[in-house]
Enquirer: 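The following block contains the structure, expressed as structure tokens.
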Amino acid sequence: MVTMATHVITGAGSGIGAAVARRLHARGDELVLHARDAGRAKELAAAFPGARTLVGDLADPDRLSWAFSHQTLPDRVDSLLHVAGVVDLGGVGELTPKAWHHQLNVNLVAPAELTRHFLPQLRLSQGHVLFVNSGAGLNAHAEWGAYAASKHGLKALADSLRHEEHGNGVRVTSVYPGRTASPMQAKVHQQEGKEYDPAKWIDPESVATTIVMALDLPRDAEVNDLTVRPGR
């Protein structure tokens with residue numbers, strides 16, 4: 001990508017999103033960091049000096065348009081990186097509609113709505129939309145039904161978007177990391193009743209390396225789907 005590209009990133013506060021934001025910030029690119037509320041936006045602005053913030057609750061995608069209408073959106077967007085996500089494990093016989101709606105809203109509907117908002121800028125720049133999916137977006141296991149459904153849906157969203165926007169020069173990538181050492185993984189282990197050892201799982205920096213590679217790939221090629229598995 002060109003120097004001083006502008007990236008809109010969700011989930012930049014921790015894990016994979018923070019690792020990617022650090023890489024792009026260190027090389028001088030412009031960052032627009034999404035935050036769920038004003039307090040979180042203040043924390044992100046302090047962590048990434050010079051970055052702009054954009055506030056909106058991904059858990060309530062119906063109100064994102066209203067929230068954005070009261071803020072200044074970037075005129076140029078070279079990449080939109082969907083990294084934020086939530087997970088609540090439970091059997092199909094146990095999960096309530098609230099748990100389903102929360103995961104579907106944050107992991108699927110909100111990325112679709114954010115993409116809708118930034119497509120005009122992405123078309124102008126012939127930019128890149130990158131979805132950080134999950135191994136659960138390819139295979140669903142017991143207790144992972146709602147999360148996996150949201151991530152299978154995210155794959156469908158990415159695939160459809162790729163076909164729709166190819167003619168406009170917009171590249172679309174899905175990255176499917178295995179278990180990655182992050183606050184989300186700590187929560188998963190807690191829900192599973194297992195001891196959490198981050199050394200056993202993928203370092204977020206390793207996933208960030210694959211994401212930046214996909215962004216920086218010359219225009220003659222495009223990474224559509226990239227699976228990253230634990231190496232230990």
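All residue numbers in this chain count up from 1 along the given sequence. Keep in mind that this is a model prediction, so the values were computed, not measured.
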Enquirer: Any idea which heavy atoms bring Ala18 and Gly13 closest together, and the distance?
Expert: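 In terms of heavy atoms, the two residues are closest at CB-C, 4.1 Å.
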Enquirer: Between Arg23 and Thr209, is any side-chain donor less than 3.5 angstrom from a side-chain acceptor?
Expert: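 Arg23 vs Thr209: donor-acceptor pair found between side chains.
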Enquirer: When you compare the side chain of Gln126 with that of Arg219, does any pair of heavy atoms fall below 4.5 Å?
Expert: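 Contact flag for Arg219/Gln126 side chains = yes.
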Enquirer: Could you tell me whether the side chain of Gln71 reaches within less than 4.5 Å of the side chain of Leu54, counting heavy atoms only?
Expert: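 Yes, close enough: below the 4.5 Å cut-off.
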Enquirer: Checking Ser125 side chain against Arg76 main chain: does a donor-acceptor pair fall under 3.5 Å?
Expert: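 Checking the backbone N and O of Arg76 against the side chain of Ser125, no donor-acceptor pair under 3.5 Å is found.
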Enquirer: Give me the one residue out of Thr72, Leu31, Val32, Leu73 that meets side-chain contact (heavy atoms from CB on, under 4.5 Å) with Arg52.
Expert: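 Passing option: Val32.
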Enquirer: If I compare all heavy atoms of Leu33 with all of Ala51, which pair ends up nearest, and what's the gap?
Expert: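 Heavy-atom minimum between the residues: CD1-CB, 4.0 Å.
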Enquirer: Hey, any chance Val86 and Leu114 share a hydrophobic cluster, counting ILVMFWY side chains that come within less than 4.5 Å of each other, even indirectly?
Expert: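 Linked within one cluster.
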Enquirer: Arg40 vs Asp37, test: salt bridge (charged side-chain N to carboxylate O under 4.0 Å, His left out). Steps then yes/no.
Expert: CA-CA 5 Å; Arg40 189 62 161 167; Asp37 55 41; over 6 Å; no
Enquirer: Can you confirm whether the side chains of Glu222 and Asn224 place a donor and an acceptor under 3.5 Å from each other?
Expert: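 Yes, a side-chain donor-acceptor pair sits under 3.5 Å.
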Enquirer: Find out whether Lys151 and Tyr176 are in side-chain contact, i.e. whether some heavy atom of one side chain is under 4.5 Å from a heavy atom of the other.
Expert: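 Lys151 does not reach Tyr176 side chain to side chain.
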Enquirer: Tell me whether Leu217 shares a hydrophobic cluster with Leu226, the cluster being built from Ile, Leu, Val, Met, Phe, Trp, Tyr side chains joined at under 4.5 Å.
Expert: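 Shared cluster, yes.
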Enquirer: Heavy atoms only: give me the nearest Ser69-Trp66 pair and the separation to one decimal.
Expert: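 Result for this residue pair: OG-O, 2.6 Å.
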Enquirer: How about Trp100 and Ser150: do any of their side-chain heavy atoms sit closer than 4.5 Å?
Expert: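 No, their side chains stay 4.5 Å or more apart.
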Enquirer: Would you sort out whether Asp216 and Arg27 count as a salt bridge (charged side-chain N to carboxylate O under 4.0 Å, His left out), showing the intermediate values?
Expert: CA-CA 12 Å; Asp216 289 346; Arg27 73 187 196 183; 2.8 Å; yes
Enquirer: Quick one: do Ile9 and Leu44 end up in the same hydrophobic cluster if we chain Ile, Leu, Val, Met, Phe, Trp and Tyr together by side-chain heavy atoms under 4.5 Å apart?
Expert: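 As far as the 4.5 Å side-chain criterion goes, Leu44 and Ile9 are connected within one cluster.
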Enquirer: When you measure from the side chain of His117 to the backbone of Glu113, do you find a donor-acceptor pair of N or O atoms at a distance under 3.5 Å?
Expert: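 Such a contact is absent between His117 side chain and Glu113 backbone.
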Enquirer: Would you check if Leu124 and Gln121 make a side-chain contact, meaning some heavy-atom pair closer than 4.5 Å?
Expert: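 Not in contact.
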Enquirer: Under 3.5 Å, is there a donor-acceptor pair between the side chain of Glu143 and the main chain of Gly91?
Expert: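 It does hold such a pair.
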Enquirer: Are the side chains of Val20 and Val83 in contact, using a 4.5 Å heavy-atom criterion?
Expert: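 A side-chain contact under 4.5 Å is absent here.
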Enquirer: Any sub-3.5 Å donor-acceptor pair from Arg22's side-chain atoms to Phe48's backbone N or O?
Expert: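 Flag not set: sc Arg22 to bb Phe48 has no pair under 3.5 Å.
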Enquirer: Of all heavy-atom pairs between Pro177 and Asn133, which one has the smallest distance, and what is that distance?
Expert: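 That closest heavy-atom pairing would be CD-O, 3.6 Å.
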Enquirer: Would a distance-only check, ignoring hydrogens and angles, find a side-chain to backbone donor-acceptor pair under 3.5 Å from Asp29 to His25?
Expert: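 Checking the backbone N and O of His25 against the side chain of Asp29, no donor-acceptor pair under 3.5 Å is found.
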Enquirer: Can you confirm whether more than 12 heavy atoms, excluding those of Asp75, are under 6.0 Å from its CG atom?
Expert: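 No, because the 6.0 Å sphere around CG of Asp75 holds 12 heavy atoms or fewer from other groups.
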Enquirer: Using 0.5 Å steps for rounding, measure from the CG atom of Leu108 to the CG atom of Leu58.
Expert: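 The CG atom of Leu58 is 12.0 Å from CG of Leu108, to the nearest 0.5 Å.
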Enquirer: Return the orientation label for the Phe131 and His82 ring planes: parallel under 30°, perpendicular over 60°, tilted otherwise.
Expert: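 Because their plane-to-plane angle is under 30°, the rings of Phe131 and His82 count as parallel.
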Enquirer: Would you check if the side chain of His152 reaches a backbone N or O of Ala148 as a donor-acceptor pair within less than 3.5 Å?
Expert: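 Side chain of His152 to backbone of Ala148, a donor-acceptor pair under 3.5 Å: yes, one is there.
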Enquirer: Can a donor-acceptor pair be found, under 3.5 Å and without considering hydrogens, that links the side chain of Glu30 to the backbone of His7?
Expert: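 A pair under 3.5 Å: no.
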Enquirer: If two hydrophobic side chains count as joined below 4.5 Å and joins carry through other members, does Leu80 share a cluster with Val55?
Expert: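 Per the 4.5 Å side-chain linkage, Leu80 and Val55 are not co-clustered.
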Enquirer: Ignoring hydrogens and angles, tell me if any N or O in the side chain of Asn168 forms a donor-acceptor pair with the backbone of Arg123 under 3.5 Å.
Expert: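 A pair under 3.5 Å: no.
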Enquirer: Do you know which two heavy atoms are closest between Pro230 and Gly178, and how far apart they sit?
Expert: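 Looks like CD-CA, 4.2 Å.
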Enquirer: Okay, side chain of Ser160, backbone of Leu157: is any donor-acceptor separation there less than 3.5 Å?
Expert: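 Side chain of Ser160 to backbone of Leu157, a donor-acceptor pair under 3.5 Å: no, none is there.
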Enquirer: Which atom names give the shortest non-hydrogen contact between Leu154 and Val132, and what distance separates them?
Expert: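 Nearest pair, atom of Leu154 first, then Val132: CD2-O, 4.0 Å.
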Enquirer: Is there a side-chain contact between Thr53 and Lys42, using heavy atoms and a 4.5 Å cut-off?
Expert: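 Side chain of Thr53 against side chain of Lys42, heavy atoms only: no contact under 4.5 Å found.
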Enquirer: Regarding Tyr147 and Asn107, do their side chains bring together a donor and an acceptor under 3.5 Å, going by distance alone?
Expert: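 No, because no side-chain N or O of Tyr147 sits under 3.5 Å from a partner of the opposite role on Asn107.
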Enquirer: Between Val228 and Ile202, is there a side-chain heavy-atom distance shorter than 4.5 Å?
Expert: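 Ile202 vs Val228: side chains touch.
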Enquirer: Among the clusters formed by ILVMFWY side chains lying less than 4.5 Å apart, do Trp144 and Leu138 turn up in the same one?
Expert: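 No, Trp144 and Leu138 fall in different hydrophobic clusters.
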Enquirer: If we ignore hydrogens and angles and just use 3.5 Å, is the side chain of Thr10 paired with the main-chain N or O of Ala84 as donor and acceptor?
Expert: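 Between the backbone of Ala84 and the side chain of Thr10 there is a qualifying donor-acceptor contact (under 3.5 Å).
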